[in-house]
Amino acid sequence: MHELAENDSGMKEQACASQISQEVIESGLKVSEPTTENKNVQPSPSEFEDKCSSFICGNPDAQTIHGIMHLFNDTSKSCENFKSDLVCMLAVPTIFNLTDILGFLSPYKYNINGIRIVRDRNPHTFMVLIRFENEDLAEDFYINHQDQPYNTLEDSICHLAFISSIEFGKTEVHMKSLAAGPLIELPQCAVCLERMDENTTGMLTVLCNHTFHCECMSKCTTCPVCRFHAVPPEQSSHSCMVCGNTEGLWLCLICGYVGCGRYEGGHARGHFERTNHTYSMDVEQRCVWDYIGDNYVHRLIQNKADGKIVAVQDQDGILEEKFESLTLEYSYLLTQQLESQREFFEKKLLFVEQEAMERIAIVEGEVQKVTQEKDKYKDKYKEVEAERRKLEKKNEEEKKKFERKIEALTGKFNALSKELSDERELNKCLQANQKEWVSKVVASNKSLLAAQERHAAETQELREQIKDLMFHLQGQATINSSHMKEDIRGGDMHVVQGPSNENKRKSPRKKK
C-alpha cells in the first residue's frame, strides 16, 4: 500500500510539473524563457532591497523548480510609482505554518485570486506570493500590513514588496519517483473534489506545486496528495559536532551526541563504533535506529541488570501471533465494513434510481403539459398573426387615404399661400396709394379752406357794398320825399364819428 501511494504521488507530481508553466501564466505572472544567466543567478546579500531574489519550489523527491523574482527595490518612494497586483511576503519565519499564514491573510480572503508558497535561500524562512484582484487591493494590503507584526505573540515583522515579474529557469526532475504514463491532473481540488476557479474562489499552491482551495487547506499542515510539507518546516538549530552539517542529523539516545548520517559524513556511526552506543534517533523523522540489528526499533525498554536501553525481544513468537491475530481481526473488520458499505450504497443507488424514475415521470408530465400549452399558444399566435395582418392592411388603406387628404390639403395650402401673397402685394399697393391720396386730400382741404376764406371775405365785402348801396338808395328816397329836397340838394354832407354806430349811420345835414 505504501509503494502504491508513492507511485500515485509521483504520477500526480509529474502531471503537476507538466502544467506548471500554464499555472504560472493563468496566475498572471510574467514567465520568460530560461537562459544561461538565469540558471546560475544567486541572490544578493540584501534581504528586502534587491532588484531580484532567487527561489525554489517543488518536492525534492519529485521535481524542483528554480526561479528569479524581480522586485521593486525603491521602498522610499510612494507605492503609487510601482503599482502591481502581485505582492510578495519576504522572509516569513518557518515557525509559522499554513494555518497562521491563511489567518494573517483572512481579511482579504475574498479579494485574493492566488497564493503560492516558495523557498528562499535561507533555510529558516520562506516567501509567500499573493495575487490580488486588482492593484488597488494590493496597495491597500501593502499600506496596512507593511512592517506590522504577524500576531501579538511573536516579534516577527511582515515585510512586503511589489513584484514586477517572475522568471522560471532550471527544472530538476527526479525520475526515480515518477511513474510512466500520459497522465494529466484534472483541475480539481483534491480535498473537496470541486473544480478550482480563481475568479470565484482563492487558489493556494503549496510548496510541492499542488493547488487547492484556500478554505480546504485552512487546517492542513501537509499536502493531501503527496504528504509533503505545505510550507517549509522549521529547521532544527542542531548541527553535526564534527563537520557542522545541518542535514541528515542523528541524536544518540545514550549521551545526546549529534552527528550526521552515513550518507553525509558518517559521524553518527563513527560515534557508535567508538562508544558502542547502539541507538540513535533521526532528528527530523523521530525514528530510532539500531546499529547492531541494522534496522529501525519501535519499542525500547531499560535493562534491569545494567540499566542500558535495549529493544523488546520477541519471546516464543508472542508478538508474531499478536500481529497475526490483529491482522485477521482488522481484515475481518475491514471485510465487514466493506460489506456494510456495499449494502448501504446499493440501497442508496436503488433509492436514487426510484427517485430518478419519479422525477422522470414528473418531468414527462410537465413536458406534456408544456407541449399542450405550446400548441395552444401556437394557435393563439396564428390568430394574433392573422389579426395583425388585417390591422396592417387596414393601416395601409388608412395611410393611403390620409396621404390623399394630405395632398389635397397641401394643394389648398399652396393656393391659399399664393392668394395670401397676392393679398399682401395688393395691401402693399393700397397702402402706398392710401398715402398718396391722403396727401392729396390734405392738399385739397387746404385749398378748400383758402377758397372758403376768400369767399367769406368777398361775401363780407359785397355785404358792405350792398349795405352802403341800400343806405344810399334809402337816403335818396328820403330826400326826394322831403319838402326840403331843394335845400338838401344844394348842400354838402359830412360824416362825423359818434359814440355809437347809429350816430355813424346818421350823417348831419349842413346847409350852406
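For this chain, numbers begin at 1 and follow the sequence in order.
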Report the distance from atom [atom1] of [X] to atom [atom2] of [Y], rounding to the nearest 0.5 Å.
X	Y	atom1	atom2	value
L71	I68	CG	CD1	11.5 Å
I360	E355	CD1	CD	11.0 Å
N427	E425	CG	CD	10.0 Å
L98	L204	CG	CG	5.5 Å
L86	E135	CG	CD	9.5 Å
Y150	I95	OH	CD1	9.5 Å

For [X], is the [atom1] atom crowded, meaning more than 12 foreign heavy atoms sit under 6.0 Å from it?
X	atom1	result
E398	CD	yes
N433	CG	yes
R342	CZ	yes
Q474	CD	no
E403	CD	yes

Side-chain contact, heavy-atom cut-off 4.5 Å: [X] with [Y]?
X	Y	value
N134	D85	no
F126	V118	no
R116	N209	yes
D100	N151	no
L129	I163	yes
M89	C158	yes
K347	L349	no
M69	C88	yes

For this session: Kindly determine whether V206 and V231 satisfy side chain to side chain contact (heavy atoms under 4.5 Å, CB included), including the steps that lead there.
Result: CA-CA 7 Å; V206 294; V231 297; over 6 Å; no

I need the minimum non-hydrogen distance between [X] and [Y], along with the two atoms involved.
X	Y	value
V441	S444	O-OG, 2.7 Å
N113	E133	OD1-CG, 3.5 Å
F212	C223	CZ-SG, 3.6 Å
I112	I115	CG2-CG1, 3.7 Å
L102	M217	CD1-O, 3.8 Å
P224	V191	CG-CG2, 3.7 Å

Exercise. Do E385 and R389 pass the side chain to side chain contact (heavy atoms under 4.5 Å, CB included) test, and can you show the C-alpha distance, the side-chain angles, and the key distance before you say yes or no?
Worked result: CA-CA 6 Å; E385 186 69 16; R389 291 177 182 175; 3.9 Å; yes

Would you call [X] and [Y] a salt bridge, using N to O less than 4.0 angstrom?
X	Y	value
K440	E436	yes
E458	R454	no
E392	R388	yes

For [Y], does its backbone N or O pair with a side-chain atom of [X] as donor and acceptor, under 3.5 Å?
X	Y	result
S164	H70	yes
T64	G58	no
T94	T125	no

For this session: Check the pair F55, H66 against side chain to side chain contact (heavy atoms under 4.5 Å, CB included), reporting the backbone distance first and the verdict last.
Result: CA-CA 6 Å; F55 65 88; H66 298 258; over 6 Å; no

Exercise. Taking the six-membered ring where the residue is Trp, are the ring centres of F104 and H145 under 6.0 Å apart?
Worked result: yes

Exercise. Is there a donor-acceptor contact under 3.5 Å linking the side chains of Y108 and N144?
Worked result: yes

For this session: For T221 and N97, run side chain to side chain donor-acceptor pair (under 3.5 Å): C-alpha distance rounded to whole Å, both residues' side-chain angles, the deciding distance at 0.1 Å, then the answer.
Result: CA-CA 7 Å; T221 57; N97 55 23; over 6 Å; no

Exercise. Is there a side chain to side chain contact (heavy atoms under 4.5 Å, CB included) between C192 and H213 once you walk through the steps?
Worked result: CA-CA 8 Å; C192 64; H213 293 134; 3.2 Å; yes

Problem set entry | Partner of F132 by ring-ring contact (aromatic ring centres under 6.0 Å, His included), out of Y110, F162, F141 |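 Among Y110, F162, F141, the one that satisfies the ring-ring contact (aromatic ring centres under 6.0 Å, His included) with F132 is F141.
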
